[in-house]
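Okay, so here's the structure we're looking at.
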Amino acid sequence: MNFLESREKALRVAQIVLEKKGENIVIIDVSKALGITDFIIICTGTTPLQRKAIQRTIEEEMEKLGFTPRGVEGREGTGWTLLDYYDFIVHIFSPRAREFYGLEELYQNLPKITEF
């Protein structure tokens, strides 16, 4: 997948999160900083049920496009799920876990996509 295709997939994931009423969506362009992925998508789901619905819908929609995650990390009760799609990584947080881990702070100087 090239950079523009990765960007389109990241934007589609952001739309899925919006449709599932996820909050505080951030897409960070890490392509020049990390080398292992192009984008990191961070979002918040306020309840375990909502976070699971976000995860499930992302997986279903990406599967329709022919993409399966390289890995899925996180267990119920942790408040953090990670979906690794090679060229983009999705972090689905509870409000508490998101504040605790502060991922945005790690990437605060990198470009962000704010319109989706």
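None of the values given here were measured: they were computed from a predicted structure. Here, residue 1 is the first one in the sequence, and each next residue gets the next number.
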- Message: Testing the basics here: between I25 and A14, what is the closest heavy-atom pair and its distance to 0.1 Å?
- Response: CD1-O, 3.8 Å

- Message: How about CD on Q15, more than 12 heavy atoms from neighbouring residues, nucleotides or ligands closer than 6.0 Å, or not?
- Response: yes

Sequence neighbours left out, cut at 3.5 Å: what donor-acceptor pairs do the side chains of residues 27-37 make with other protein atoms?
unit_1, atom_1, unit_2, atom_2, d
D29, OD1, S31, N, 3.0
D29, OD1, S31, OG, 2.6
T37, OG1, Y86, O, 3.0
T37, OG1, D87, O, 3.1
T37, OG1, F88, N, 3.1

Return a table of donor-acceptor pairs under 3.5 angstrom between the side chains of residues 63-72 and protein atoms on other chains or two or more places apart.
unit_1, atom_1, unit_2, atom_2, d
K64, NZ, E61, OE2, 3.0
R70, NE, D84, OD2, 3.2
R70, NH2, D84, OD1, 3.3
R70, NH2, D84, OD2, 3.4

- Could you list all the ring-ring contact (aromatic ring centres under 6.0 Å, His included) pairs where at least one residue sits in residues 38-57, not counting sequence neighbours? F3-F39

- When every non-hydrogen atom of V17 is compared with those of C43, the smallest separation belongs to CG1-CB, 3.7 Å

- Query: Going hydrophobic residue to hydrophobic residue with side-chain gaps under 4.5 angstrom, can you get from I41 over to I16?
  - Reply: yes

- Message: Between I42 and L83, is there shared hydrophobic-cluster membership here, with clusters defined by ILVMFWY side-chain heavy atoms closer than 4.5 Å?
- Response: no

- What residue pairs, at least two apart or across chains, pass side chain to side chain donor-acceptor pair (under 3.5 Å) with a residue in residues 107-116? none

- So which heavy atom on D38 is nearest to which on S6, and how close? OD2-OG, 3.1 Å

- Listed once per pair and sorted, the side chain to side chain donor-acceptor pair (under 3.5 Å) pairs that draw on residues 49-59, sequence neighbours left out: T46-Q50

Quick one: side chains of residues 89-105, donor-acceptor pairs under 3.5 Å with protein atoms, not counting sequence neighbours, listed by atom name and distance.
unit_1, atom_1, unit_2, atom_2, d
H91, ND1, W80, NE1, 3.0
S94, OG, A97, N, 3.1
R98, NE, E104, OE2, 3.0
R98, NH1, N24, O, 2.7
R98, NH1, T44, OG1, 2.8
R98, NH2, N24, O, 2.8
R98, NH2, E104, OE2, 2.2

- Message: If hydrophobic clusters are built by linking Ile, Leu, Val, Met, Phe, Trp and Tyr wherever their side-chain heavy atoms come under 4.5 Å apart, do V26 and I40 end up in the same one?
- Response: yes

